[in-house]
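Single-structure report; data block below.
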Amino acid sequence: VQLQASGGGLVQAGGSLRLSCAASQRTFVSNAMGWFRQAPGREREFVAAISRGGESTYYADSVKGRFTISRDNAKNTVYLQMNSLKPEDTAVYYCAARGGSGGYYSTYASHLEYDYWGQGTQVTVSS
């Protein structure tokens, strides 16, 4: 599976961005997906996850209520809608796909659970 993330950019605090992650594989519906981010000098951290069919989602406490993860399996694409952005959201955002194993409704917050990674897209939030 190849993943292509897009939609990053520069936005003022309080603004919104929507990230997209397009997967190359037609069996994308088999993959639980996640978004992670990494700021300079910091470790990669979990942001949000979605189950294979999209029925289950899970968020980091730092983004809960502001970010929404969703997927369109017909388009092989997962999205991350980011609202009320804060300067501390500044990071490179990565999408990730898990292999076909695991529960249909399961979500995964550890980067160790994912098998495929996109190239990352930069999000910068100015104060």
Review point. Which atom pair, heavy atoms only, marks the closest approach of A5 to C95?
Key: CB-SG, 4.2 Å
Exercise for review: Test the R71-Y79 pair against the cation-pi criterion, namely NZ or CZ under 6.0 angstrom from the six-membered ring centroid and within 45° of the ring axis.
Suggested key: no
Point to revise | Rounded distance (nearest 0.5 Å) linking atom CG of L85 with atom CZ of F67 | key: 5.0 Å
Point to revise | Side-chain donor-acceptor pair present, Y93, R37, cut-off under 3.5 Å | key: yes
Study note, to complete from the structure: In this structure, CG of L80 is separated from CG of L17 (nearest 0.5 Å) by 9.5 Å
Review point. With hydrophobic residues grouped by side-chain heavy-atom distances under 4.5 Å, do L19 and Y58 end up in a single group?
Key: no
Check your understanding: So how far is it from M82 CE to R18 CZ, rounded to the nearest 0.5 Å?
Key -> 11.5 Å
Check your understanding: Within the distance-only criterion (no hydrogens, no angle test), does the side chain of T90 pair as donor or acceptor with the backbone N or O of V125 below 3.5 angstrom?
Key -> yes
Check your understanding: Hey, any chance Y59 and F46 share a hydrophobic cluster, counting ILVMFWY side chains that come within less than 4.5 Å of each other, even indirectly?
Key -> no
Practice item. Look at the side chain of R98 and the backbone N and O of E113, then say whether any donor-acceptor pair between them is shorter than 3.5 Å. Key: yes
Check your understanding: In terms of the angle between their ring planes, are F36 and H111 parallel, tilted or perpendicular, with boundaries placed at 30° and 60°?
Key -> perpendicular
Review point. Between the side chains of Q122 and T124, does any donor sit under 3.5 Å from an acceptor?
Key: yes
Practice item. For residues V123 and G8, report the shortest heavy-atom separation together with the two atoms involved. Key: CG2-CA, 4.1 Å
Check your understanding: If you draw a 6.0 Å radius around CD in E55, do more than 12 non-hydrogen atoms from other residues or ligands fall strictly inside?
Key -> yes
Review point. Among the clusters formed by ILVMFWY side chains lying less than 4.5 Å apart, do V63 and V92 turn up in the same one?
Key: no
Exercise for review: Report whether W117 and L3 are members of the same hydrophobic cluster (ILVMFWY, side-chain heavy atoms less than 4.5 Å apart, transitive linking).
Suggested key: no
Exercise for review: Please report the C-alpha distance between D72 and T77 in whole Å, then the side-chain angles of each, then the deciding distance to 0.1 Å, and finally whether the side chain to side chain donor-acceptor pair (under 3.5 Å) criterion is met.
Suggested key: CA-CA 5 Å; D72 185 339; T77 302; over 6 Å; no
Exercise for review: Would you mind checking if K86 and D89 are paired as a salt bridge, meaning a charged N to carboxylate O distance below 4.0 Å?
Suggested key: no
Review point. Taking the side chain from N31 and the backbone from M33, do they hold a donor-acceptor pair closer than 3.5 Å?
Key: no
Review point. What distance do R66 atom CZ and S84 atom OG have between them, rounded to the nearest 0.5 Å?
Key: 7.0 Å
Check your understanding: Using the ring of each side chain (for Trp, its six-membered ring), is Y114 parallel, tilted or perpendicular to Y108, with breaks at 30° and 60°?
Key -> perpendicular
**Study point:** Whether S56 side chain and Y105 backbone form a donor-acceptor pair below 3.5 Å
**Key:** yes
Practice item. Provide the closest heavy-atom pair for S16 versus N83 in the form atom of the first, atom of the second, distance. Key: OG-OD1, 2.9 Å
Review point. Quick check: does any side chain N or O of T121 sit under 3.5 Å from a backbone N or O of S6, one acting as donor and the other as acceptor?
Key: no
**Study point:** Verify same cluster id: Y94, I50 (apolar side-chain graph, 4.5 Å)
**Key:** no
Exercise for review: Quick one: closest heavy-atom pair of A13 and P87, and the distance?
Suggested key: CB-CD, 4.1 Å
